[in-house]
Amino acid sequence: MSSEFQKCLKIVLHHEGIDPDRGKTGWVQHPEDNDGGATNYGITKYTYEAFKGRPVSIQEMKDMPYEDVEEIYEDRYWDKVRGDDLCQMHGNPSVALSLFDWGVNSGPSRSSKAFQKIIGANPDGKIGPKTLALAKDQSDEYIVNQMYKLRQSFYESLTSKFAVFGRGWSRRNEEVQKEALSMIK
């Protein structure tokens with residue numbers, strides 16, 4: 001695990017209501033969240049079952065080991081948005097954080113498509129060599145700010161869910177933008 005991944009994971013986990021140093025896992029089972037349902041460390045029951053390759057109980061969700069959390073976030077989110085490649089390319093984790101956090105919140109394909117749209121790549125949701133080549137000479141600040149705008153627009157388009165979760169989503173989006181911009185050298 002790269003140090004950039006660890007730094008970004010700590011930010012993502014904060015937004016998921018988690019502080020592993022204090023044993024706070026972020027266990028929730030919100031009745032309005034029919035998409036996620038039972039969630040721990042920001043990981044839905046559906047995602048944990050896919051990771052384990054079998055159904056899991058609510059107790060297993062509550063007892064999820066932190067090693068599984070790191071592996072899930074790295075494999076299913078960070079690697080999908082090519083976090084290490086973006087950090088190396090841009091010399092900082094600003095762009096990677098923008099994609100990673102949105103990917104955790106709404107799926108890595110959605111954040112990848114937004115990124116591809118911003119840089120003029122084919123928005124297929126899979127960041128490959130062509131996307132990375134187009135991103136190489138793009139401004140970190142421009143990408144981060146455009147990611148913020150597209151993410152906010154997406155949230156606001158979810159009208160029924162926005163009434164319940166919009167305030168938190170908007171705050172998270174603003175905090176990620178601010179944190180990402182502070183990482184630009």
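- Atom CD1 in I143 sits 8.5 Å away from atom CG in L99 (nearest 0.5 Å).
- A distance of 10.0 Å separates CG in L13 from CG in D101, rounded to the nearest 0.5 Å.
- For E49, the salt bridge (charged side-chain N to carboxylate O under 4.0 Å, His left out) partners two or more places apart in sequence, or in a different chain, are K45.
- The CD1 atom of I72 sits 8.0 Å away from the OH atom of Y77 when rounded to the nearest 0.5 Å.
- Taken to the nearest 0.5 Å, the OG atom of S98 stands 7.5 Å off from the CG atom of L181.
- For the pair S94 and D140, the tightest heavy-atom approach, listed with the atom from each and the gap, is OG-CB, 3.7 Å.
- P108 and R76 make their closest contact through CG-O, 3.5 Å (heavy atoms, listed as atom of the first residue, atom of the second, distance).
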Between K52 and D68, is the salt bridge (charged side-chain N to carboxylate O under 4.0 Å, His left out) condition met? List the steps. CA-CA 9 Å; K52 288 292 205 182; D68 287 357; 3.4 Å; yes
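- Taking 4.5 Å as the limit, some side-chain heavy atom of I11 sits within range of a side-chain heavy atom of M183.
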Before you tell me yes or no, could you show the steps for V144 and V176 under side-chain contact (heavy atoms from CB on, under 4.5 Å), namely the whole-Å CA-CA distance, both residues' side-chain angles and the distance that decides it to 0.1 Å? CA-CA 9 Å; V144 167; V176 168; over 6 Å; no
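- D79 and Y73 form no side-chain donor-acceptor contact under 3.5 Å, judged by distance and modelled atom types alone.
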Assess the residue pair W102 and R110 against the criterion (side-chain contact (heavy atoms from CB on, under 4.5 Å)); give the C-alpha distance rounded to whole Å, side-chain angles, the decisive distance to 0.1 Å, and a yes or no. CA-CA 8 Å; W102 190 7; R110 183 174 314 284; 3.9 Å; yes
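- Distance NZ/K10 to CD/Q6: 10.0 Å, rounded to 0.5 Å.
- Residues V81 and S111 share a closest heavy-atom pair of CG1-OG, 3.7 Å.
- Using a cut-off of 4.0 Å between Lys/Arg side-chain N and Asp/Glu carboxylate O, D124 and K113 are scored as not salt-bridged.
- Classification of the F51-Y48 ring pair by plane angle, with boundaries at 30° and 60°, yields parallel.
- Counting heavy atoms from C-beta on, the side chains of H90 and K136 never come closer than 4.5 Å.
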Apply side-chain contact (heavy atoms from CB on, under 4.5 Å) to residues Q59 and K62 and explain how you reach the verdict. CA-CA 5 Å; Q59 191 59 50; K62 289 180 177 180; 4.2 Å; yes
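- What you find for I127 and S112 is that their closest heavy atoms are CD1-OG, 3.6 Å.
- Residues V69 and N40 have side chains not in contact (no heavy-atom distance under 4.5 Å, counting atoms from C-beta outward).
- Put simply, the side chain of K161 does not reach to within 4.5 Å of the side chain of Y155, judged on heavy atoms.
- Checked against salt bridge (charged side-chain N to carboxylate O under 4.0 Å, His left out), E71 has no partners two or more places apart in sequence or in another chain.
- Using a 4.5 Å cut-off on side-chain heavy atoms (C-beta onward), V104 and H15 make no contact.
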Side chain to side chain donor-acceptor pair (under 3.5 Å) between N122 and Q116, worked out: CA-CA 6 Å; N122 177 33; Q116 290 170 317; over 6 Å; no
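- To the nearest 0.5 Å, atoms SG (C8) and CG (L86) are separated by 10.0 Å.
- No more than 12 heavy atoms of other residues, nucleotides or ligands shown are found within 6.0 angstrom of CD on Q88.
- T44 and T47 form a side-chain donor-acceptor contact under 3.5 Å, judged by distance and modelled atom types alone.
- Look at R151 and E156 and you find no salt bridge, because none of the NZ, NE, NH1 or NH2 atoms lies under 4.0 Å from a carboxylate O.
- Between N173 and F154 there is no side-chain heavy-atom pair separated by less than 4.5 Å.
- Under the 3.5 Å distance criterion, the side-chain polar atoms of E175 are left unmatched by any main-chain donor or acceptor of R172.
- The shortest heavy-atom contact between M64 and I43 is SD-CD1, 3.9 Å.
- Within the structure, ring-ring contact (aromatic ring centres under 6.0 Å, His included) contacts touching residues 110-149 (residues at least two apart or in different chains) do not occur.
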Are S170 and Q152 close enough, and set up right, to give a side chain to side chain donor-acceptor pair (under 3.5 Å), and what steps lead you there? CA-CA 7 Å; S170 296; Q152 191 63 35; 2.7 Å; yes
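- By the 6.0 Å contact criterion, CZ on R54 is enclosed, its count of non-hydrogen atoms from other residues, nucleotides or ligands being greater than 12.
- Between F100 and F5, the two ring planes are tilted [angle within 30° to 60°].
- Nearest heavy-atom pair across A96 and C87 is CB-SG, 3.8 Å.
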